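Throughout, protein chains are lettered first and strands after them, A, B, ... in sequence-line order, and every chain is numbered starting at 1. A quick note: this is a predicted structure, and the numbers were derived from the prediction, not measured.
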There are 2 protein chains.
Amino acid sequence: MKADRTSLSDLLRVSGFKATEGRVEVLGLFIKAGRPLSQMQIMEMLGPRLDRASVYRILSAFTEAGLLHMAYVDGRHRVYELPDKCGHSHCHPHFSCRSCGMTACLEDFQVKCKGSIGKGFVAERQKVLIEGLCPGCKGK
Amino acid sequence: MKADRTSLSDLLRVSGFKATEGRVEVLGLFIKAGRPLSQMQIMEMLGPRLDRASVYRILSAFTEAGLLHMAYVDGRHRVYELPDKCGHSHCHPHFSCRSCGMTACLEDFQVKCKGSIGKGFVAERQKVLIEGLCPGCKGK
DNA sequence: ATCACAAATGCGACATACTTGCAAAAAAAT
DNA sequence: ATTTTTTTGCAAGTATGTCGCATTTGTGAT
């Protein structure tokens, strides 16, 4: 995926947004990182160029527009990601290390569901989080 | 499951806890409720008999000892439950309505995982959350 | 290119969920 | 019953997220 400012701006405008500097930067960050990001991580990468409140607003707006998904909640942090490889009704699972908090997308891991969720319920999305230990924290 | 105070106290002591009144009440609440509970719900049920901070400490301690699981995060609330029907490496999935926030345990819904989470990673627990609409919010 | 308008931002204040330090109280051990 | 250890209540503190409002910034029209 190309991530130059012009194409990012176009993508934003197509999604109904003004292509402001902050939005271009945040969207570019997600594309460049290729992994889930939280507000805090975004702030750390951008420095004080963008206000905390603006980052929150951008994340909410992007999520509502479908440009981002809230991937999972990590402790107290909401973690967002591009909806790459996520269909309408499922999303790839994630791993989270309970020791160091490190997270990763699990691409080679499939989840099969069986059974009914109950009469009258409509399933729209499926979130799977595997908790455990990463290689670094395993030995300790 | 019997839930009289004496057996609750014994269960607590076996788990390495002092059987204080607050702990007995909180554990009894989970057993009687038979559904996931948040700190706020517990406070509402108990009234001012137990301090907010104590409830948080009890929930943390119980979770660390394996008496409870943190089932999922509902908005800003951490929701806990007894580890009934949850093995070491899997846990029954939950449903959450995106409209009204109502949640439920999915007992008749199995999740099978296939594939590797990666070399060196240790999976300890699996959290599955289905998001969608409940019967009440479906029509709107 | 400039202007005017709608929308986004920054800032400060607020809200909420949770945590921590510490003295007092309650279990358990003696 | 007395001592010891753990837990509790209270109050203050921290962290994450939200809101209102004046100011700034894109954008489309001129």
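- A donor-acceptor pair shorter than 3.5 Å can be found between the side chains of B:Thr103 and B:Tyr72.
- Nucleotide C:dT9 holds its P atom 14 Å from the CD atom of A:Gln39, rounded to whole Å.
- Within the 4.0 angstrom heavy-atom criterion, no nucleotide atom of any strand lies near A:Ala61.
- If you check C:dA8, D:dT5, C:dT20 against the side chain of A:Arg23, the one that comes closest is C:dA8.
- Within the 4.0 angstrom heavy-atom criterion, only backbone atoms of the sugar-phosphate kind lie near A:Arg78; the bases stay farther away.
- Mapping B:Thr20 and B:Arg52 onto DNA chain D by nearest heavy atom places B:Thr20 closer to the 5' end of the strand.
- Aromatic pair A:Phe17/A:Phe62: ring centres closer than 6.0 Å.
- Atoms CG (A:Leu59) and C1' (C:dA8) sit 15 Å apart, rounded to a whole Å.
- Of the side-chain N and O atoms in B:Tyr56, one or more sit less than 4.0 angstrom from OP1 or OP2 of C:dC18.
- In terms of position on DNA chain C, the residue among B:Glu21 and A:Asp51 whose nearest nucleotide sits closer to the 5' end is A:Asp51.
- At whole-Å resolution of the value, NE2 in A:His77 and P in D:dA15 are 10 Å apart.
- Whole-Å rounding puts the A:Leu46 CG to C:dG10 C1' distance at 15 Å.
- Rounding to whole angstrom units, CZ of residue A:Arg13 and P of D:dG28 are separated by 8 Å.
- Checking the phosphate oxygens (OP1, OP2) of D:dT18, no side-chain nitrogen or oxygen of A:Arg57 falls inside 4.0 Å.
- The 5' end of DNA chain C is approached more closely, in terms of each residue's nearest nucleotide, by A:Ser54 than by the other of A:Ser54 and B:Phe17.
- Comparing B:Arg76 and B:Leu50 by the nucleotide of DNA chain D whose heavy atom lies nearest to each, the residue mapping closer to the 5' end is B:Leu50.
- When the P atom of C:dC18 is taken as reference, atom CD of B:Gln41 falls 12 Å away, rounded to whole Å.
- Rounded to an integer number of Å, the gap from A:Asp74 CG to C:dC18 P is 15 Å.
- Counting heavy-atom neighbours within 6.0 Å of A:Glu21 CD, excluding the residue itself, gives a total of 12 or less.
- Between the CD atom of B:Glu44 and the P atom of C:dA17 there is a distance of 11 Å, given to the nearest Å.
- With 3.5 Å as the limit, one finds a donor-acceptor pair spanning the side chains of A:Glu81 and A:His92.
- Across every non-hydrogen atom of A:Leu12 and A:Ala19, the tightest pair is CD1-CA, 4.1 Å.
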